[in-house]
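Let me begin by presenting the structure, written as structure tokens, before commenting on it.
Throughout, residue positions are numbered sequentially from 1 according to the sequence presented.
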Amino acid sequence: MRKTALLVSCGTYDDTRLHPLPSSIPDCARFADLLERPNLGGFEVEVVSNAALVTVQRKLHDTLSRAATDDLVLIYLSSHGLKDMFGRFYLALPETDLSALPATALSGRYLREQINDTSARRLVIILDSCFSGAFGRELVAKTVSVSDGTPDELTGGTGHAVLAASSPIQYALEDGSGSAPTSVFTRAICDGIATGAADIDADGWISLSDLFEYSSKEVSERYPLQTPQMSCFGLDRDLKLLRAPSAPSTYSEFDVDIEEASKSIHPELRIAASTILGRITHSQNRDRAASALRKLRKMRDDYHPTVQEAIEYQIAHAPKTPRRKVPIQSASDKRVHSSRWVEVDTEQLSRAAQTAAHFVDKSRDYEVLNVVHFTKQGDQLTVWATDRYRVDYWDIKASTYGEDFTTSISGSDAYSLKAFPKKTHTRIEAGEEFAEFECGEKLLSMHSTQFEKVVNYRTLVKDTFSAQLHVARAPFLDALEKSISATKTRNGAVVFDLKRAGADILEICFTDDDTVMDSVPVEFTGDRIRLAFNPNFAVSALASFASKSIKFSITHPGKPVLITADDEPEHRHILMPVRLAR
């Protein structure tokens with residue numbers, strides 16, 4: 001059995017009466033990436049963007065005619081949906097002329113003919129267009145008997161289904177409120193897959209009904225004027241489309257009192273649990289914050305309206321995960337041709353850029369602090385960012401390179417590097433106004449800045465250290481997070497104390513309350529020390545690593561601390577301590 005997917009999108013049109021759809025191609029690329037991932041969809045994906053009518057028709061014909069009986073085929077179409085004076089459905093393409101739809105647009109009739117002629121007995125069509133609900137009304141089910149007298153609908157989860165973004169009389173909406181427009185329907189589908197929230201029954205699979213139920217609810221709640229629809233033909237049971245993402249590892253379960261309160265028969269205690277979980281969603285520990293948000297989503301079907309309202313409030317006010325905002329282009333759109341370039345591992349670059357972007361200065365007071373810096377010296381690319389109180393550095397080995405360069409892009413744009421596939425190399429070229437990141441046939445072109453003078457924060461850390469300590473990262477981060485949650489003091493600095501305990505134990509307390517909140521075992525060399533940090537800065541520094549153990553290197557309790565990881569040699573984090581005494 002093969003899993004194949006054909007994704008067709010169109011965003012620009014020759015007929016000026018059809019306005020552009022800037023979200024169509026980026027949304028299609030995001031959906032294709034999710035379908036292609038081996039751990040999610042595992043589909044063989046082909047993407048067709050802004051193609052001519054004859055090209056789209058040929059691709060549809062080839063995909064469906066080559067499909068075997070037991071194949072799973074997914075067809076995704078994103079463009080303007082049009083209806084003529086007789087109510088017939090068409091999909092707009094670049095050369096579509098509104099005055100001659102039958103000759104210039106992809107007709108619903110052609111789609112139905114190809115679908116009805118295919119041998120594939122498991123076929124899902126996703127239409128993200130206006131009036132898309134009109135398409136499924138005239139679809140004829142394909143019936144194939146595996147033996148005489150056995151109708152297809154009795155042989156298992158086989159048949160055809162159409163997921164439509166809107167009803168036959170509704171428009172499909174595009175959300176332009178953010179920096180990059182996006183389709184309401186496709187975004188709901190992709191978000192549900194990427195987060196695993198579309199796995200409604202929590203069985204580890206995102207099925208056809210799961211995907212429709214989730215996307216329909218998400219779209220209808222936010223945009224009541226759009227009602228997604230699903231039509232099924234010859235299906236007697238659900239189709240498993242994708243595996244749900246495995247739940248991210250967390251450092252520990254939530255405290256027993258939170259668990260008990262969330263299951264209490266008293267509404268007041270469930271409201272209190274939702275309030276505490278809502279507070280945790282704002283944690284700098286991104287894994288723990290995500291766990292709290294997942295917990296809130298599981299609680300959202302509470303029977304009590306007041307509790308349900310409190311939970312929905314906490315979910316609505318939880319921080320949103322930064323998403324890719326720079327549109328993907330093809331290599332033919334390249335406009336930077338510079339001798340300043342470097343080629344590095346894509347996975348390392350993507351992780352470095354996304355992690356460093358968390359540490360840019362959000363105040364926007366100093367432009368040099370609002371960006372992620374990319375600096376090549378010799379055969380090494382350094383990716384880093386700072387808000388003056390913490391600096392995150394990544395050193396990536398360059399496979400090939402041209403002249404040295406330095407360029408900087410905004411922190412929000414840096415998240416877009418997650419769009420590239422893994423296990424390939426990315427070529428970076430720095431021009432005067434743009435930096436281009438090219439990976440295979442994909443290209444991201446980002447506005448960039450070049451500064452005449454940038455502080456070298458590495459010089460803040462000396463080569464010799466008075467003390468070094470090794471600690472298991474996850475238990476340490478968990479203990480710190482619990483200590484911050486438990487203390488009534490919100491303004492005091494957190495103190496890591498090695499002096500008071502006789503054994504190799506690091507105690508956690510706060511400057512305005514000397515009570516030991518928690519402790520973790522450590523290995524240390526050198527002087528016994530007492531360090532103080534901004535609590536949120538300490539948590540975000542620890543959460544930026546993915547390693548099992550980390551090392552603190554200290555020259556002096558009042559000087560910047562260098563944090564490194566044994567199995568992440570390319571990652572360095574400089575954290576500024578809080579002065580305990582003058």
Side-chain angles (χ1 to χ4, degrees), residues 5-36 45-53 55-57 59-60 63 74-83 89-98 101 104-108 111 124-135 162-166 170-194 215 218-219 222-223 226 228 323-330 332-333 416 419 441-445:
L6 175 64
L7 282 69
V8 178
S9 62
C10 184
T12 57
Y13 310 90
D14 297 336
D15 193 325
T16 56
R17 291 170 291 180
L18 290 169
H19 65 81
L21 293 176
S23 72
S24 183
I25 293 178
D27 284 345
C28 180
R30 184 188 178 200
F31 190 28
D33 177 55
L34 294 171
L35 291 174
E36 212 168 15
V45 179
E46 185 171 7
V47 178
V48 180
S49 301
N50 285 337
L53 174 59
T55 302
V56 173
Q57 288 178 329
K59 292 293 184 182
L60 284 165
T63 299
L74 185 146
I75 305 293
Y76 168 86
L77 303 165
S78 173
S79 183
H80 280 297
L82 308 169
K83 289 196 293 186
F89 176 78
Y90 296 88
L91 198 75
L93 295 172
E95 74 266 42
T96 294
D97 183 347
L98 290 180
L101 288 179
T104 60
L106 181 66
S107 67
L111 283 169
V124 177
I125 305 100
I126 300 177
L127 288 174
D128 191 355
S129 69
C130 300
F131 316 122
S132 51
F135 173 72
V162 179
L163 267 64
S166 61
Q170 289 179 329
Y171 291 99
L173 304 177
E174 185 179 76
D175 184 1
S177 59
S179 56
T182 182
S183 160
V184 170
F185 182 58
T186 301
R187 181 180 64 187
I189 288 176
C190 292
D191 286 352
I193 295 172
S215 58
E218 289 293 305
V219 171
R222 289 169 170 75
Y223 307 92
Q226 181 175 341
R323 302 189 182 280
R324 176 176 60 79
K325 59 180 291 187
V326 177
I328 295 176
Q329 301 167 284
S330 65
S332 60
D333 297 319
S416 298
E441 294 301 315
K442 294 183 179 180
L443 179 75
L444 294 177
S445 182

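Smallest separation of non-hydrogen atoms from Ser215 and Phe185: OG-CE1, 3.9 Å. When all heavy atoms of Leu21 and Ser79 are compared, the pair lying nearest together is CD1-C, 3.8 Å. Closest of all the heavy-atom pairs between Leu82 and Ala92 is CD1-CB, 3.9 Å. The two residues Gln329 and Leu444 come nearest to each other via the heavy atoms OE1-C, 4.5 Å.
Panel note: side chain His80, backbone Cys10; no donor-acceptor pair is recorded below 3.5 Å. Judged by distance alone, with hydrogens and angles left aside, the side-chain atoms of Asp15 form a donor-acceptor pair with the main-chain N or O of Leu98 at under 3.5 Å. Between the side chain of Thr104 and the backbone N or O of Asp97 there is at least one donor-acceptor pair closer than 3.5 Å.
Put simply, CG on Leu7 and CG on Asp33 are 11.0 Å apart, with the number rounded to the nearest 0.5 Å.
Taking the side chain as every heavy atom from C-beta outward, Leu60 and Leu106 approach each other to under 4.5 Å.
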So Cys28 and Val47, side-chain contact (heavy atoms from CB on, under 4.5 Å) or not? Walk me through it.
CA-CA 8 Å; Cys28 180; Val47 178; 3.9 Å; yes
side-chain contact (heavy atoms from CB on, under 4.5 Å) between Thr186 and Tyr76, worked out:
CA-CA 10 Å; Thr186 301; Tyr76 168 86; 2.7 Å; yes
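Scanning for side-chain contact (heavy atoms from CB on, under 4.5 Å) contacts around Ser330 gives Ser332, Asp333, with sequence neighbours left out. Asp14 pairs by the side-chain contact (heavy atoms from CB on, under 4.5 Å) definition with Glu95, not counting sequence neighbours.
Salt bridge Arg187/Asp128: absent, no basic N to carboxylate O contact under 4.0 Å.
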